[in-house]
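Note sheet for the following structure.
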Amino acid sequence: MNRAEKAALQLRAVAVLRTLKRSRTYDELAELTGLPAGDLNRYVNGHVLPGVERARETVESIGREELADELRSRVSVDDEGYVDNSAIVFDQSFLDLVAPVAAESFAFERPDVVLTAATDGITLGAAMASYFDADIAYAKKRKETAVEEFVESRQRLASGIELTYYLPADAVSAGDTVLVVDDLIRSGETQELLLDIVAQSDATVGGVFTLIAVGDEGMDRARQITDAPVGALTTFDDR
Ligand SMILES: O=P(O)(O)OC[C@H]1O[C@H](OP(=O)(O)OP(=O)(O)O)[C@H](O)[C@@H]1O
């Protein structure tokens, strides 16, 4: 491992510890990691970097299950089953930790573009795009002023309401591999529109990833449209 790789590993370990510290005391973090609270304080505050071995152990200890647990501890679900995941989608550092774990767990091929839907998918999309060194593109529910050409996809939802998403036509090129992501998949209606935009752009779906699947309906709907890997960090029961 060269010096730059070591430094990157050490900084990633600090990012892991900072993310875990957000909802914990130093004593709780010490219990979780097995590292002394005083050392953790110095790492989190940036006074000292963890040694390479400690850094490796810290990074490797945060896999899919641990990130899913952290997500669940921050998300609340109301009586009607609506999910408040703002403590997750507003935390770019957390999403930056999710990206490599998601990429590895579901073996997504490297995309040219990560596509999501405004609004709440954007921060996850940015994290995934940054990890893969790909472009980020997000479809919106209205046409952006000054953009001349759009790919648009429209659907009448089960509720009877019409939903349309618009993407600037040059955001995805023919032949691109596109990873479609969103913070949450429930009915899969949003995914269906995004996957349709990929198809209309003559691009290829490289995978579908979401932080939270609510029930199986939306994930199954995506799997019917694409043979690429479709995965969620965690699944919540539908009510
Ligand atoms: O699988 P589905 O049933 O389509 O639901 C998932 C979509 O719902 C939410 O977005 P919303 O439409 O509320 O827009 P927002 O991100 O602007 O809040 C969420 O961010 C997903 O995009």
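Counting convention: from 1, in listed order, for ligands and their atoms alike. Numbering of residues begins at 1 and proceeds along the displayed sequence.
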With the side chain counted from C-beta on, respond yes when L67 and T234 share a heavy-atom pair under 4.5 Å apart, and no when they do not.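 No; the side chains remain at least 4.5 Å from each other.
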Could you give the side-chain donor-acceptor pairs of residues 120-135 under 3.5 Å, partners two or more places apart or in another chain?
| unit_1 | atom_1 | unit_2 | atom_2 | d |
| --- | --- | --- | --- | --- |
| T123 | OG1 | V89 | O | 2.7 |

Give me the pairs of N or O atoms, one from ligand 1 and one from the protein, that sit under 3.5 Å apart.
| unit_1 | atom_1 | unit_2 | atom_2 | d |
| --- | --- | --- | --- | --- |
| ligand 1 | 1 (O) | R186 | N | 2.8 |
| ligand 1 | 1 (O) | S187 | N | 3.1 |
| ligand 1 | 1 (O) | G188 | N | 2.8 |
| ligand 1 | 3 (O) | S187 | N | 2.9 |
| ligand 1 | 3 (O) | S187 | OG | 2.5 |
| ligand 1 | 4 (O) | T190 | N | 3.0 |
| ligand 1 | 4 (O) | T190 | OG1 | 2.6 |
| ligand 1 | 12 (O) | K141 | NZ | 3.0 |
| ligand 1 | 14 (O) | K141 | NZ | 3.1 |
| ligand 1 | 16 (O) | T119 | N | 3.0 |
| ligand 1 | 16 (O) | D120 | N | 2.9 |
| ligand 1 | 17 (O) | T119 | N | 3.2 |
| ligand 1 | 17 (O) | T119 | OG1 | 2.9 |
| ligand 1 | 20 (O) | D183 | OD1 | 2.6 |
| ligand 1 | 22 (O) | D182 | OD1 | 3.4 |
| ligand 1 | 22 (O) | D182 | OD2 | 2.6 |

Would R186 and F236 count as a cation-pi pair here, with the cationic atom under 6.0 angstrom from the ring centre and within 45° of the axis?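 Negative - R186 is either too far from the ring of F236 or too far off its axis.
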Show me the side-chain donor-acceptor pairs of residues 16-34 shorter than 3.5 Å, one per line, residues at least two apart or across chains.
| unit_1 | atom_1 | unit_2 | atom_2 | d |
| --- | --- | --- | --- | --- |
| R18 | NE | V44 | O | 2.8 |
| R18 | NH2 | V44 | O | 3.0 |
| T19 | OG1 | A15 | O | 3.0 |
| K21 | NZ | R24 | O | 2.9 |
| S23 | OG | E70 | OE2 | 3.3 |
| R24 | NH1 | L20 | O | 2.9 |
| R24 | NH1 | E70 | OE1 | 3.0 |
| R24 | NH2 | E70 | OE1 | 3.1 |
| T25 | OG1 | D27 | N | 3.4 |
| T25 | OG1 | E28 | N | 3.0 |
| E28 | OE1 | T25 | N | 3.0 |
| T33 | OG1 | L29 | O | 2.8 |
| T33 | OG1 | L35 | N | 3.2 |

Running the 4.5 Å side-chain criterion over Ile, Leu, Val, Met, Phe, Trp and Tyr, what cluster does V198 land in, apart from itself?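 Besides V198, the cluster holds V113, L115, V151, L157, L163, Y165, L167, V172, V178, V180, I185, L193, L194, L195, I197, V205, V208, M219, I225, V230.
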Ion pair R42/D39, N-O distance below 4.0 Å: yes
